[in-house]
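Counting from 1, the numbers follow the sequence of the chain as shown. Just so you know, ligand 1 is whichever comes first in the structure, and atom 1 is the first atom listed for that ligand. Source: prediction; values computed, not measured.
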Amino acid sequence: MSERADVVELAKRRGFFFAAAEAYGGAAGFYTFGPEGAALKHNVEAAWRDRFALKEDNEEIAAPTIMPEPVFEASGHLDTFDDMLVECAECGESHRADHLVEGATDLEDAEALEPEEVADLIAENDLACPNCGADLGGQAVEEFNLMFQTSIGPGSGQPGYLRPETAQGIFVEFPRLKEYARGKLPFGVTQIGPAYRNEISPRRGLIRVRELTQAELEQFIDPEEDEPPLETVEDVELRLYAVPDQQEEAPAGEGYQTVTVREAVDGNIVGSDWIAYYLGVAQEWYERIGLDTEQLRFRQHLPGERAHYASDCWDAEAKVESAGGDWIEIAGISSRGDYDLSKHAEGSGENFTVFKQYDESKSVRQATVDPDMSVLGPEFGGDAGAVAEALADLAERDPDAFEQDAVTVTADGEAYEVDTDDANFEVVEETEAGEHITPHVIEPSFGVDRTVYALIDHGLQRDELGGEARDYLSLAPEMAPTDVAVFPLVSNHEPLLDTADEVLSTLRGAGFDATRDDSGSIGRRYRRQDEVGTPFCVTVDRDGLEDEPQTVTLRDRDTGAQARIPTGELVGQLEAIRDGEADFEALLSRYETVETAE
Ligand code: GAP
C-alpha cells in the first residue's frame, strides 16, 4: 500500500491549519487553525482544563499577553531567553547555530555551549547553509533574544514585551492569587493562551511557531510539607529516558526504561514526588486524548539544557513520523523552585511570600543592640557607624558573645573592642506563630499546537476499504472536531432531506456536534469525514424510511462497519459509546449489519 497522506497537505486541504495571511505572502511561523483545526484545538484545551484545572481543583486565570519590561527584567527573560543565531553571508538566511551542530555531530545539548564554541564546531565540521549551501565556517554565532518587543502607549511609550510563556502572567499576580487561596499551600493556578517567541527558524508546520498556545499549571507548594497524591497514579507506567540513560554510550533500543510512577520514585529515577505525580497525570491524559502512547516518552533535561529557572525538567516527547521520525517535545514538567517568586519580590518590592503557621507556637530569643553613639563616636571616629552595624550583626548571629564584659567586632577589615555596656545589648523572648516562606513551583507546561500536530500525525492512517485505499484520521471521539455526520442518501428526495434534518437536530439537542453533508456520492462523503476524523456517520436511506420503526445506518470510521438501527435509538446508542458504556462491536452484535458500497 502507498504511503499515507502528508500531514501538512491534509491539514491545509481539510481545514486543520495553514500558513496565515498567505494572500499577503504571510510571515513564517504564524498559522491559522481552520474550522476542523480550531475545533480539535478547542477539544484538546477543554480536556486539559478538565484534567489539570477541574480535577486537580486548581483555578484558571486569564492574564494579558503584553507586560511591561520590568516583569521580564525580573524573570530573567531579558537577559537569558536567547537562542544561538548564525547568519549566512551568502543568502542572508538565519539559522539556529546549536541545531546545525547537533544535526551534524553526536552532541545533544549544543545550546549548553558558549557561542564561540559553537562557531568553532561549525567551522571544524565544515557546516554549510541549509538554504543555499554556502560555507558557514568563520561566521559569528550570536545570542538572539526571542522576545517580541513592543511599545505600550503612544509616542515612545513604555517598553513592553509579548509574553514568551503564559507562566509569568501567573507569577506576577501571586500577591493577589495567594489571597484568593486564603494564603494556604498547596494551590495551583492554570492558564491557557497564546505566547510569543521570535524563533530564529520556525519550521515543520506547527512544531516551531512564533505564536503558540500553551496550557500551563503553576503548582505552588511548601517543599518541606506538601506532598502530591502520588497513590492516585502510582501504577501508571511511564517510559523514562533519564540523564544517565542518555549518557550511556550505546543505549539499548530507544534507551528509555519502562517503570511505574511508584518505581520511578522509589528507585530515585525521578527525584521529586511532585514531578513524578505530574508525569503520571500527563501519561493518563495523553492516553485519554488518544495520543499513541507507544510513541511517547519522558526525557529528563541534561544539566546544560535546563532553562534559567529550572532545577529539574522532564519533557514529554512524541515520536512524529511526519517530522522524520524525530522525538518532538510536546510538554515540559519542571521544578522552578522559588526562582520566579523571589525574583518578582526583588523586582517589585511586593510581598510574594505566604505565612506558614507552625503546628505549635515557638518561643524565640530576639537579641538587639542599641549602641551608645556618644561613646562610640569619640572612640572610633568615622568608623563608629560601621562598628554599630557589626554589633547588630553579631547580636543576631551570636547573642551569647554579649555575656562577656567586652566583644570584638570587625568593621571595614579592622577589629574593634567594645564594652558590652556601651552596646546596650538586650534579649527579649518572643512567641512566633509561624514564618513567611516563598513557595516553590512545580510547572507542567503543555504546548497545545504540538499536541494537535502529534494527534494528527499519530491518528493519520491509510488502509483499504471496498477495494480502494483511503486515508482516515483515527482521533479519539472526545477530540474529533465533529461527533457525527448525517447524510441523506440522495439530495433530491424531500422525505430523506427532512428526516436527515430531524436526525440532525435531535443529535444536536442531545449535545452532539453534528453536521449534515449531502454533496457528492456517499463514498466521497464518507472519505471526507474519514479524513477529518468524524467517528460516526449516519445515513438516511429509502429502506430505512419504509422500516417500521424507521431506521438509519450508523457507520464506524475506523472499520467502515455499519449497523442498521432504529432512528429512535440512535442518540441512546451514541451516548453509550461516548460515555464508554458500549462500543461499536456491541452495536454490531445487537443490530443488523449492513454491507454497502463505500
Ligand atoms: N513555562 C515553561 C515553558 O514555557 P517551554 O519548554 O519553553 O517551557 C513549553 O515551553 C511547551 O511549549 C513546550 O513543551 C512546547 O510544547 C511548546 N513550545 C515551546 N516553544 C514552541 C514553539 N516555538 N512552537 C510550538 N510550540 C512551542
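In terms of protein heavy-atom proximity, atom 26 (N) of ligand 1 is nearest to R450 NE, 3.2 Å. Ranking protein heavy atoms by distance to atom 14 (O) of ligand 1, first place goes to E329 OE2, 2.6 Å.
Here is the list of ligand 1 atoms found below 4.0 Å of a heavy atom in E199: 22 (C), 23 (N). Annotation for ligand 1: atoms under 4.0 Å from non-hydrogen atoms of R336 are 1 (N), 2 (C). Close approach to I330 involves these atoms of ligand 1, each under 4.0 Å from a residue heavy atom: 14 (O), 16 (O). The ligand atoms of ligand 1 that sit less than 4.0 angstrom from a heavy atom of E216 are 1 (N), 2 (C), 3 (C), 4 (O).
Side chains of Q461 and S474: a donor-acceptor N/O pair is absent below 3.5 angstrom, by distance only. Judged by distance alone, the side chains of S335 and D312 never bring a donor and an acceptor atom under 3.5 Å apart. Residues Y309 and S75 bring no donor and acceptor atom of their side chains to less than 3.5 Å of each other. The closest side-chain donor-acceptor pair between Y278 and Q219 falls under 3.5 angstrom. Under 3.5 Å, the side chains of R299 and Q246 contain a donor-acceptor pair of N or O atoms.
Of all the listed residues (L212, I170, V209), V209 holds the heavy atom that lies closest to atom 24 (N) of ligand 1. Among A195, S445, P202, the residue whose heavy atom sits closest to atom 3 (C) of ligand 1 is S445. When A454, G447, G29, C313 are checked for heavy-atom proximity to atom 17 (C) of ligand 1, G447 turns out nearest. When the options R208, Q168, R197 are ranked by their closest heavy atom to atom 5 (P) of ligand 1, first place goes to R197. Nearest-residue assignment for atom 25 (C) of ligand 1 (options D449, N198, I207; heavy-atom criterion): I207. Closest heavy-atom approach to atom 10 (O) of ligand 1 within the set E443, Q214, E317: this belongs to Q214.
Electrostatic pairing of R239 and E294 counts as a salt bridge here, judged by a charged N lying under 4.0 Å from a carboxylate O. A salt bridge is defined here as a Lys NZ or Arg NE, NH1 or NH2 lying under 4.0 Å from an Asp or Glu carboxylate O, and D235 with R262 fails to meet this definition.
If you run side chain to side chain contact (heavy atoms under 4.5 Å, CB included) between R163 and each of Q168, Q214, Q191, R197, only Q191 comes through.
Across all their heavy atoms, Q149 and P159 have their closest contact at NE2-CB, 3.9 Å.
Using a 4.0 Å heavy-atom cutoff, Y309 is listed among the residues neighbouring ligand 1. At least one heavy atom of L206 sits less than 4.0 Å from an atom of ligand 1.
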